[in-house]
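Just below is one structure, and these are the notes that go with it.
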Amino acid sequence: MEVRVRYAPSPTGLQHIGGVRTALFNYFFARANGGKFILRVEDTDRERYSDESLQDLYSTLDWLGIKWDEGPVVGGPHGPYIQSERLPLYQEYAKKLVDMGKAYYCYCTPERLENLRKKQEEEKSPQVGYDRHCRNLTEEERAELEKQGIKPVIRLKVPTEGSTTFHDILMGDITRENKDISPDPVLLKSDGFPTYHLANVIDDHLMGITHIMRAQEWIPSGPLHVLMYEAFGWEIPQYCHLPMVMGKETDPVTGEVHFAKLSKRHGSTSVRDFRAKGYLPEALLNYVSLVGWSYDSETEFFTREELEKVFSLEKINTAPGVFDYQKLDWFNGQYMRRRSNEDLAQLLMPYLKDAGILKDEDMDKLLDFVPGIKERITLLSDIVPMCSFVREYQVPSVEMLIPKKMDQAGTLTALKAVYEVVKQCMESGDSDDQMQQKLCDLAVKLGIKNAGVFNPLRIALTGLQVSPPPFSCLRLLGCEESYRRIECAIKVLEA
Ligand code: GLU
Ligand code: ZN
């Protein structure tokens, strides 16, 4: 049997880390089993729908390199894959259920339902929800209501006795008393739109979905869905509810640690945010895949291609996964170092352009700058504060320029000599290593520590106590601006 899985988001917000994790697990499971990964857009909640969310879904998967075999844009044999384009199907199947005696028309007005709710509340009635009023309407009563022109909804007949069980690959059997299942939920609304339950079950069946992998928060829907499969007489797919993605919180007063479903309280949650901050797709993909899944207790680095081979359901943890922002940062730093200098420069340039620090024609300078900072950079956006000295320069004070255990006159002599060496190196096209060697030789000649030559140079160039290495700064500023700044610093020391 071919494995067919789906990611079925509702475009009602930006793609969240938890959603993306569900998408990845489905995708990897399909790939590892030679199956199909289907994308289905569950957009029947028109009030919460937004086109921005739909575009965000596509661009997120695209950025992560996740291609769907069937779905919007690419099509497939079971299309359309956007639920709002499948309304006639849902209507047809809901009517079928009515004809089979498994569902029924309900004509209750919103007012009646509201009064019912209030009454149940006031009486603290053990029975909550719909009272199944229309379940036993006679043909005559129904005809009368139809004649009044009331547009009915269709409700599922949930058995009032017994229990419903479904099997979950990770959690085992899950059983619910039928009396605890929502009493006869609406499947088709009076405007002809399906509810989530109807559309979800019909599509999973018609699209031949074999395994339903989704977040654990959908477990409560499980028994109801099983009842629907049974009502239709359809085979029930395998369920695999994924452990939640949690965030960690520390109480500022007591220091106690709490875990709660990952939310904005904990930090960024949308992939768009992570992307804007300058996380690399391979780092996010690698880390997110390890939230709730592991290959063994050691291996941490996985490319997408590797995960497409080694992913398996058996290795999903049953305990909730904790999203650790620091760990993600660590991964990102690691993946930054794995990128070529050229790649990194290309990725960094937009940040510097946005900040008004560099222009496209400064690409060569940026390329020369990258090797010096590659080991220190965690996020692409870190480049902006690192390079702010290019635009904002404050001539350093005498105190800043003088290194420890040196005086003003000695620093002046050193910086003048450094300037000559730097000029000569830049003009003759020396590499960073060659320049470094010549400056070390100079330190020996002057009888001072290396810091005595490097620090005044770096501070002269940036006006900052903390900054990238001096050679990187030289490359980024270019000769003209670098010389101007060194000359300024020399004047300060001469004063
Ligand atoms: N549309 C649902 C969601 O947004 C799908 C849940 C499911 O996978 O069944 O998560
Ligand atoms: Zn009713």
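A quick note: this is a predicted structure, and the numbers were derived from the prediction, not measured. Just follow the structure's listing: the first ligand is 1, and inside any ligand the first atom is 1.
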Near the Zn ion (ligand 2), meaning under 2.8 Å, how many protein N/O/S atoms are there? 4
Would Ala8 count as a polar contact of ligand 1, with the cut-off being nitrogen or oxygen pairs under 3.5 Å? yes
Would you say Glu235 has more than 12 foreign heavy atoms packed within less than 6.0 Å of its CD? no
Which residue pairs satisfy the salt bridge (Lys or Arg N to Asp or Glu O under 4.0 Å) criterion with at least one member in residues 305-318, sequence neighbours excluded? Arg304-Glu308
Note the single closest protein heavy atom to atom 3 (C) of ligand 1, along with its residue, its atom name and the distance in Å. Trp218 CZ2, 3.5 Å
Going by the atom numbers of ligand 1, which of them fall below 4.0 Å from some non-hydrogen atom of Glu42? 1 (N), 2 (C), 5 (C)
With rounding to the nearest 0.5 Å, note down the distance linking CG in Leu39 to CZ in Arg6. 11.0 Å
Please report the interatomic distance CG(Asp131) to CZ(Arg112), rounded to the nearest 0.5 Å. 4.0 Å
Would you mind running through ligand 1 and noting each atom that sits below 4.0 Å from a heavy atom of Arg214? 7 (C), 8 (O), 9 (O)
Does this structure show an ion pair linking Arg338 with Glu282, if we count only N-O contacts that are shorter than 4.0 Å? no
Can a cation-pi geometry be assigned to Arg117 and Tyr130, taking NZ or CZ under 6.0 Å from the six-membered ring centre and within 45° of the ring axis? no
Stepwise side-chain contact (heavy atoms from CB on, under 4.5 Å) test for Arg214 and Asn200: CA-CA 12 Å; Arg214 62 183 170 198; Asn200 188 269; 3.7 Å; yes
Crowded around Tyr196 OH? As in, over 12 foreign heavy atoms under 6.0 Å? yes
So is Tyr196 in contact with ligand 1, going by heavy-atom distances below 4.0 Å? yes
Within 45° of the six-membered ring axis of Tyr7 and under 6.0 Å from that ring's centre, is NZ or CZ of Arg40 located there? no
Could you tell me the residue and atom name of the protein heavy atom closest to atom 8 (O) of ligand 1, and the distance to it rounded to 0.1 Å? Arg6 NH1, 2.5 Å
Applying a 4.0 Å heavy-atom criterion (strictly less than), which segment of Asn200 is in contact with ligand 1: side chain, backbone, both, or neither? side chain
